[in-house]
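Ligands are counted one by one from 1 in listed order, and the atoms in each one are counted from 1 as well. Since the structure is predicted, the reported quantities are computational estimates derived from the model, not experimental observations.
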Amino acid sequence: MKDKFVLVGVTGGIAAYKAAEVVSRLRKLGADVHVVMTKEAAQFIAPLTLQSLSANPVHVEMFAEPKLWNVEHIALAERAEAAVVAPATANIIAKLAVGLADDLLSTVLLALRSPLFLAPAMNHWMYHHPATQENLKRLRERSVHLIGPAAGFQACGTDGDGRMSEPPEIVEELERFFRGRQLLKGKKALVTAGGTQEPLDPVRYIGNRSSGRMGYAIAQALQEAGAETVLVSGPTSLEPLSQVEHVPVMTALQMRDQVLKRFPETDIVIKAAAVADYRPAVQSEQKIKKQGEGEILHLELIPNPDILAELGRSKTRQVLVGFAAETEELIKHAQDKMLRKNVDLLVANDVTRPGAGFGSPTNIVSFLFPDGRRIDLPQQDKIEIARKLVQEIAVLLGVKGVKEEI
Ligand code: PMT
């Protein structure tokens, strides 16, 4: 954490006093800690306490005399390499979910481009209110890291989950993040995402239900791990990721061209895209007319090249990761694909399971390795799966210390 610019947000809950320990621990690890508090938080813990512990000015007021060289909220957001809000009340969570910026902290966080960690802390029933749960779900989908909450006795007298996680746990999570960020530094990665579209005529195509979420999450995790990342993406409704080179494609043939030409100088390739196995033999120049009543329209399809299999045949030093989207006999079919396509790691998902596969924010996957190892992961957000995948790739690349850590 040495010299890492860490922004600590503190909001108004009884757990605010624990922010002192968070700040102190981060500082002991060498981080450059900058605190932004809400006015409510300042009722629970004096800004001076956090100023002394962080050895930096504490920011509370939106329109105070600027302490930095730039517009303050932009300067803090720009310099932050990570931000953690501890405690994060139901209020700041709701504001973040809808993008409200009505005080210094929420404004800084809206301008933030680096990873955000939240340690929720609130009354058990506030935590379980559908509004809070929906807000947390939205934030998770935007790749915000949630730490806790923990369960136990609460200051309001209830007993249940909603307590802020303990400061050592919060700091450990940040440490893990910074360690992980360096894992693939200096490596070049390429990810494919989304489904391809194979045109039939000027307005119709053969496609599939891939949203791109899985592939985008992997690109983000690779970028977080320091890899220079290219994302070759079929059409999706997702926003391009910052600090990731975005290469939009439509068809399997276009995807193949973009992937193959980059392959020789790439260290890691992850093929999460749902590539059409077939394309129309003829692409009509005009919109295909409706046939006569009851008449059957026959389409002729020709096979698309199997990009992953081509990579598997020509790979030299690259780590190659494939996916298998199955609807029956998951492991058997996935193992077969792993061997046939000569990949180093295969991510198998049964796309018929609720909470898995196409379109879902979560997935349920198994990692299969050619040496027979297998890791089954429970249902979790695609970004969490992506981060685990990145760790396994680092192991395959022989990055020191990862194996012991995971
Ligand atoms: O995008 P989401 O909505 O988040 O959904 C995620 C997902 C379900 C698409 C993803 O988790 C997934 O399973 N991706 C692979 C989909 C797929 O096409 O699987 P497959 O079993 O048909 O193909 C096996 C592998 O070969 C895949 O890595 C695929 O990219 C690759 N392939 C397939 C055909 C082809 N012509 N060329 C290929 O490279």
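Each of the following atoms of ligand 1 lies closer than 4.0 Å to a heavy atom of A272: 9 (C), 10 (C), 12 (C), 14 (N), 15 (C). For ligand 1, the atoms closer than 4.0 angstrom to any heavy atom of N363 are 11 (O). Those atoms of ligand 1 that come under 4.0 Å of a heavy atom in G359, given as number and element, are 2 (P), 3 (O). Close approach to G212 involves these atoms of ligand 1, each under 4.0 Å from a residue heavy atom: 1 (O), 2 (P), 3 (O). If you number the atoms of ligand 1 from 1 as listed, the ones under 4.0 Å from a heavy atom of K382 come out as 2 (P), 3 (O), 4 (O), 5 (O). When each atom of ligand 1 is checked for a heavy atom of P305 under 4.0 Å away, the hits are 35 (C), 36 (N), 37 (N). Under a 4.0 Å criterion applied to the non-hydrogen atoms of R213, ligand 1 contributes the atoms 1 (O), 2 (P), 4 (O). Atoms of ligand 1 lying under 4.0 Å from any heavy atom of S210, numbered from 1 in the order shown and given with element: 1 (O), 2 (P), 3 (O), 9 (C).
Checked against a 3.5 angstrom limit, the closest N/O atoms of L308 and ligand 1 fall inside it. For the pair A325 and ligand 1, the shortest N or O to N or O distance falls below 3.5 Å. Of the N or O atoms in G194, none lie within a sub-3.5 Å distance of an N or O in ligand 1. Residue-to-ligand polar distances place K271 within reach of ligand 1: an N/O pair is separated by less than 3.5 Å.
Atom 37 (N) of ligand 1 has as its closest protein heavy atom I307 N, 3.1 Å. Protein heavy atom closest to atom 18 (O) of ligand 1, with residue, atom name and distance, is A274 CA, 3.3 Å. Nearest protein heavy-atom neighbour of atom 24 (C) of ligand 1: F323 O, 2.9 Å. Summary of contacts: the protein heavy atom closest to atom 13 (O) of ligand 1 is N349 ND2, 3.0 Å. Shortest contact from atom 2 (P) of ligand 1 to any protein heavy atom: S211 OG, 3.4 Å. Of the protein's heavy atoms, M214 CB, 3.6 Å lies nearest to atom 6 (C) of ligand 1. K337 NZ, 2.5 Å is the protein heavy atom nearest to atom 21 (O) of ligand 1. Counting only heavy atoms of the protein, atom 30 (O) of ligand 1 lies nearest to A273 O, 2.7 Å.
Of the residues listed (V191, V244, L231), the one engaging L222 in a side chain to side chain contact (heavy atoms under 4.5 Å, CB included) is V191, and it is the only one.
Side-chain contact check for S211 versus T236: every heavy-atom pair is 4.5 Å or farther apart. Residues P280 and I206 have side chains in contact (heavy-atom distance under 4.5 Å, counting atoms from C-beta outward). By the 4.5 Å heavy-atom criterion applied to side chains, V6 and H34 are not counted as neighbours.
Heavy-atom distances between P303 and ligand 1 stay at or above 4.0 Å for every pair. Under a 4.0 angstrom heavy-atom cut-off, A252 registers as lying outside contact with ligand 1. Judged by the shortest distance from any of its heavy atoms, G215 lies outside the 4.0 Å radius around the atoms of ligand 1. The closest approach between a heavy atom of K341 and any atom of ligand 1 is below 4.0 Å.
Side-chain contact check for N304 and D277: no donor-acceptor pair (N or O, by modelled atom type) lies under 3.5 Å. The closest side-chain donor-acceptor pair between H145 and R387 falls under 3.5 angstrom. The closest side-chain donor-acceptor pair between T132 and E134, if any, does not fall under 3.5 angstrom.
Ion pair R317/D267 flagged as a salt bridge, since at least one NZ, NE, NH1 or NH2 atom sits closer than 4.0 Å to an Asp/Glu carboxylate oxygen. Ionic pairing of D376 and R374 is present here: one or more N-O contacts between side-chain nitrogen and carboxylate oxygen are shorter than 4.0 angstrom. The existence of a salt bridge linking D306 and K341 is confirmed by a sub-4.0 Å separation between a basic side-chain nitrogen and an acidic carboxylate oxygen.
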When you look at T196 and Y205, which way does the side-chain hydrogen bond (donor to acceptor under 3.5 Å, both in side chains) test go after all the steps?
CA-CA 9 Å; T196 61; Y205 60 84; over 6 Å; no
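Contact record, A82 with L174: CB-CD2, 4.3 Å, taken as the closest heavy-atom pair.
Relative to the ring axis of F369, R373 places its NZ or CZ within 45° and under 6.0 Å from the centre.
The main-chain N or O of S284 is never found under 3.5 Å from a side-chain atom of D201 such that the two would form a donor-acceptor pair.
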